[in-house]
Amino acid sequence: MTTRRAFLGAGGTLVGAAAVSRAGAAGLPEAPYAPTHGAAPGATAAPLAPPNGRPYHPVVTLNGWSLPWRMKDGVKEFHLVAEPVVRELAPGMQANLWGYNGQSPGPTIEVVEGDRVRIFVTNKLPEHTSVHWHGQILPCGMDGVTGLTQPGIAPGKTFMYEFVARHAGTFMYHPHADEMQQMAMGMMGSWVTHPKDPRQHAVERDYVMLLGAFDIEPGSYTPRTNTMLDFNLWTMNSRVFPGLDPMVARLGDRVRIRVGNLTMTNHPIHLHGHRFEVACTDGGWVRPEARWPEVSVDVGVGQMRAIEFVADNPGDWAFHCHKSHHTMNAMGHEVPNLIGVDHRGVAEKINDLIPGYMVMGDKGGSMGDMQMPLPENTLPMMTGRGPFGNLEMGGMFTVLKVREGLARGDYRDPGWYRHPAGTVAREWSGELPPAAQAPGTVAAPAQGAASVRKPQKHGH
Ligand SMILES: [Cu+2]
């Protein structure tokens, strides 16, 4: 492989890979830097076609990229640099994270079953680290567990890992050193080992993402890493909606989406308009006779699930975590339910005491077109413009766009779906069939409540 690589970003810009080390063939392979894509930092990079070694069909890392390698004496050499990074979570919010080679998550590592792989890990963090190759069957001393199988990689030092990628499948990598801190800061990456025979498990579109969670106080930039469960930003590859690119498929394509979970809770991942099967986990391929149809799959903590389906239904289909709090950005959680509360007169009285107090929630939680001043570096809780208005989403949400007649390698956003005439839900003002009432019930009285409590805490 050449010492300098370039690849085409999603925006079509030619992006040069900056070299950390140019010591040449005798030294470390260069450590390519995350592509920057000019006006769209954090966009999805075009798949990395293998320049040497066995052929394979590359994956697309949603809002991420794959790490180029150097082939040396038949060994694929990669260079990861663990370091502080700034990641734009979505336009309007940046976070001080830790990652690899300029970004969180780190670049996806793609190899082929049977490849001998050598990975150099340079530590530019202020504390020791290590890399665990989650799911790989390898010699124990290469497993990356600080204290158990190796000493920690001290700041400034470089370690070398070497093993054979024995099994095709879906894996990840992350530190096994001060894990709570380092993973809560965004240190993780995907690993895909492609089958030796590219016809095996073949798909036309192959996406990969890792689920993450951060607790960043509105107005600040650095995650609170001691948080156990009460995170306020739920991410796919360290991005949140509307900062996530759509996944694109041509009508009739067989599609795989690989999802790994390195958060502190499970995420039921749901796809609209299609039925899928779990084809692969981080433990290997699921035998065809052992698969069953699903539209949601729970991705447990420390698990990877690769779903497969035929994109046979044209449209813009939501793809998201089914926990409704995980499709929102930073919000106040300690808020009583005020649906039905009569606020008339109350707001004026409170406003005398607290200028700027707003009444919220008496008609539900929709913040649809509400304009509120936000602290610096914070995203709206429910946001994103669609062709029919505000999507009222955030966090772990993106869209699968299925279109007729796309070119094979075309991953560009095709724009919003143009629905055939008469196929969109619409207002009805004509005659209605009767609306039957549940047996034994009477129409609800007007809702009311005795007390109004002001939201107390902002940030969760
Ligand atoms: Cu979730």
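Just so you know, ligand 1 is whichever comes first in the structure, and atom 1 is the first atom listed for that ligand. Side chains included, hydrogens not; waters and symmetry mates left out as well; all remaining heavy atoms used.
Arg239 has its side chain out of reach of Leu89: every pair of non-hydrogen atoms, C-beta onward, lies at least 4.5 Å apart.
Ring to ring, His270 and His272 are close: their centroids are under 6.0 angstrom apart. Ring centers of Trp133 and Tyr161: under 6.0 Å apart, within the cut-off. Taking the six-membered ring for Trp and the full ring otherwise, His194 and His57 have centroids separated by 6.0 Å or more.
The cationic atom of Arg205 (NZ for Lys, CZ for Arg) lies less than 6.0 Å from the six-membered ring centre of Tyr411 and within 45° of the ring axis.
With waters left out, the protein N, O or S atoms under 2.8 Å from the Cu ion (ligand 1) add up to 3.
For CD of Glu427, the number of neighbouring non-hydrogen atoms (other residues, nucleotides, ligands) closer than 6.0 Å is 12 at most.
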